[in-house]
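One structure below.
Lettering follows sequence order; numbering is per chain, from 1.
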Amino acid sequence: MSSGTSDPRRLDKARRMRNFGMTFEDFTSDYMSVIGMLFSMFGLMMRMKWCAWIAIYCSCIGFASSRIQDDAKQIFSSYMLSISAVVMSYLQNPSPMTFPFTQ
Amino acid sequence: MRSSKVFTLFLAATVLLSVFQLVISKIDQDEDEDFSEFDDDFDEAPVRSQKSQKVEKDIPETEEDPVVKEPEIVKDKRGNGFDDDEVVVEDDDFDGIDEDDFYDEERKRDVPPPKLTITPVPMPMRGWQAYWSELLVIAGIAVYLLNYILGRYKNQRIAQAFFEINWNLLEENFAVLGDSTKLEDDQGTKSYHKLSDSQFQMWCSGRVCCEGMLVELKLLKRQDLVSILSNIFRPQRDLVRLQVEMSKEDMDSVVFAVANKKSALKISKECNDLINYCPDKRQGDKYGLNPQLVVMSELGEVATGILDSKTTTVINKFAHLIESIHISDQFSGLRTQDPEISKDGVLKMPEVRRFIFFTFALPTSTGGNNAEEAAEEIKPLFQFVFYTIDRLKRFRLTREGKQKADKNRAKVEEAFMKQTHAARAEAAAVRRDEKRRQEKERILQEDDPEKQRRWEEREQKREKKRKQPKMKQLKVKAM
């Protein structure tokens, strides 16, 4: 089914990788870093602990969806921001987390 | 670029936060100062009792240790002051104490009281049970990270199995495997490249009839728990896509696609060439294919020519694994790409390339346990790919078909030119103005006034000439 007896390989026809017709694009990592940042800021300013915890989740999802070529600094800073949001919320108010719809 | 934008956003947010905190601390200060006016107006004892009561009320709300200490200190002093006998006798002492009190309170605003011995007050006894929500969240994060490690390993195994099983076939067909830009010699890396934890690719080149082939694997995001949960509601499959770029002389004017219904909807809306050349979709059973499949073709003879008996058999056998087969000599990208971005896109047609896209679904389970079996199952389809490439090299349209195809292409080009006519005219006008401005600058820089005058006269004549033809046209129309 392939090419019969002749060898289809041609070394002189070897080409470098060009930009492709279609690529599988995935922007989850970028969206998650922005959303994580928003939740961290919200958690810090409005003193809502659950926002800070969701920011940690967003950082985790962004990290899992990241591409190899992505800058590790962005993921790291996203994690640090969300962890600092959680730590500062608990330092200011060590009581357990409350959800807005339960109280 | 994206990271610098994010960094700027973060900086702005930090500045905002610090300003906000400053404002909050100032408000607290003001609240303290609000009560200072009462200190002088009324008697000290009732005022202090008021203050201590207020401070006592604050204990359950704020729970800060220094605050707990204050009422005790004030109470002690108050205890001294309320004794009636002592009020008369110890007037001076009372006054002295008052002054000391005020002095201390005034000093408190300027200097923090470090000499106070704060006895450690234990935290309110809550126990770990009160923090159940935090423990739940931390457990969730641990589960997520565990799933990340497991999912990443599973995807890696699937990719490895796929490339290992099909390696021989690829080696037989291509001289260079793996992207050779990274190595000094042109032998290629002989391995696939990992783009992310769920995307893998390999570039193969060095074959007759094609410039190269890109093998892409887009697997389910098994490393992301959220994706796995969303897959329960919207099931997706692991995909393998082979993009073959054909040489110019190896492919005739063909625009053709076979896809299952879902993919057909998607590609018919996204790909420019299918939008321009294949407006109709036909059911697969008209060409002897599985009725689940849809055929889009520019010319009838193309469809019948490509779908020979062997091809039809293979397609029918693997219909459940075929997402789409898209053959095009006019591929110019996806519709989502804005044509206005590049200057060339506005002024002339976007570059067209000859591509064949084969998108297949890997029959792996969601858990990813049957990697080897799935790769074996898809091997015949891989061989079919090379068979199709070789056939297309030999496939030629009839004379009428070629004429029709050329006419279609000319029509599409004309439509594009009409659409961009306004934009092109504007670009030409801008270029003209720019040239004139440069000329004017050049003339002005020259010191010779004679030359300047002559140039200005020439410009005026040019302007008059430009305006004149319009008047002439109007005259003719009136008649």
Worksheet item: Atom CD1 of B/Ile141 and atom OG of A/Ser59: how far apart are they, to the nearest 0.5 Å?
Response: 9.0 Å
Worksheet item: So what's closer than 4.5 Å to chain B heavy atoms on A/Tyr57: side chain, backbone, both or neither?
Response: side chain
Practice prompt. Taking all non-hydrogen atoms of both residues into account, name the closest pair between B/Glu172 and A/Arg9 and its distance.
Written response: O-CG, 3.5 Å
Discussion item. If we define contacts as heavy-atom pairs under 4.5 Å, which of B/Trp132, B/Phe331, B/Phe357, B/Tyr144 has the most with chain A?
Written reply: B/Tyr144
Worksheet item: Does any heavy atom of chain A fall under 4.5 Å from the side chain of B/Ile138, the backbone, both, or neither of them?
Response: side chain
Worksheet item: How long is the gap from SG on B/Cys209 to NZ on A/Lys13, to the nearest 0.5 Å?
Response: 7.0 Å
Discussion item. With a 6.0 Å cut-off (strictly less than), is the heavy-atom count around OH of A/Tyr90, excluding the residue itself, greater than 12?
Written reply: yes
Item to complete: Name the region of B/Cys204, side chain, backbone, both or neither, that has any atom closer than 4.5 Å to a heavy atom of chain A.
Response: neither
Practice prompt. To the nearest 0.5 angstrom, please state how far the CZ atom of A/Arg67 sits from the OG atom of B/Ser198.
Written response: 10.5 Å
Worksheet item: Nearest heavy-atom pair of B/Ser196 and A/Ser66: which atoms, and what distance?
Response: CB-O, 3.6 Å
Worksheet entry | Working for side-chain contact (heavy atoms from CB on, under 4.5 Å), residues B/Trp203 and A/Arg16 | CA-CA 9 Å; B/Trp203 170 251; A/Arg16 293 280 160 95; 5.6 Å; no
Response to the item:
Looking only at heavy atoms, the pair that brings A/Met97 and B/Glu134 closest together is N-OE2, 2.8 Å
Worksheet entry | Sidechain N-carboxylate O distance under 4.0 Å for B/Lys218, A/Asp26 | no
Worksheet item: Side chain, backbone, both or neither: which part of B/Gln129 has a non-hydrogen atom closer than 4.5 Å to chain A?
Response: neither
Practice prompt. Please look at B/Ser227 and chain A and tell me whether the side chain, the backbone, both or neither of the residue comes under 4.5 angstrom of a heavy atom of that chain.
Written response: neither
Discussion item. With a 4.5 angstrom heavy-atom cut-off, is it the side chain or the backbone of B/Val137 that approaches chain A, or both, or neither?
Written reply: both
Discussion item. Would you compute the distance between atom CZ of A/Arg10 and atom CZ of B/Arg207 and round it to the nearest 0.5 angstrom?
Written reply: 9.0 Å
Worksheet item: What part of B/Gln199 is in contact with chain A, defined as an atom under 4.5 angstrom from a non-hydrogen atom: side chain, backbone, both or neither?
Response: side chain
Fill in: From A/Trp53 atom CH2 to B/Ser133 atom OG, the distance as rounded to the nearest 0.5 Å
9.0 Å
Discussion item. Using every non-hydrogen atom in the two residues, find where B/Asn173 and A/Pro8 come nearest and quote the distance to one decimal.
Written reply: OD1-CG, 3.5 Å
Discussion item. Any non-hydrogen side-chain atom of B/Glu245 less than 4.5 Å from a side-chain atom of A/Arg15?
Written reply: no
Worksheet, complete the sentence: CZ of A/Phe24 to CG of B/Leu239, rounded to nearest 0.5 Å, is 5.5 Å
Discussion item. Quick one, A/Thr28 with B/Lys221, criterion side-chain hydrogen bond (donor to acceptor under 3.5 Å, both in side chains). Give me CA distance, side-chain angles, the key distance, then yes/no.
Written reply: CA-CA 11 Å; A/Thr28 311; B/Lys221 279 206 214 160; 3.2 Å; yes
Worksheet item: Side chain, backbone, both or neither: which part of A/Ile56 has a heavy atom under 4.5 Å from chain B?
Response: side chain
Worksheet item: Taking every heavy-atom pair that is under 4.5 Å apart, which of B/Ser247, B/Cys271, B/Gly212, B/Gly140 has the most such pairs with chain A?
Response: B/Gly140
Item to complete: Please test A/Met22 against B/Phe355 for side-chain contact (heavy atoms from CB on, under 4.5 Å), starting from the C-alpha separation and ending with a verdict.
Response: CA-CA 10 Å; A/Met22 290 203 268; B/Phe355 267 110; over 6 Å; no
Worksheet, complete the sentence: Of all heavy-atom pairs linking A/Pro96 and B/Ala130, the shortest is CB-O, 3.3 Å
Worksheet item: What are the two closest non-hydrogen atoms of A/Ser65 and B/Asp224, and how far apart are they?
Response: OG-OD2, 4.0 Å
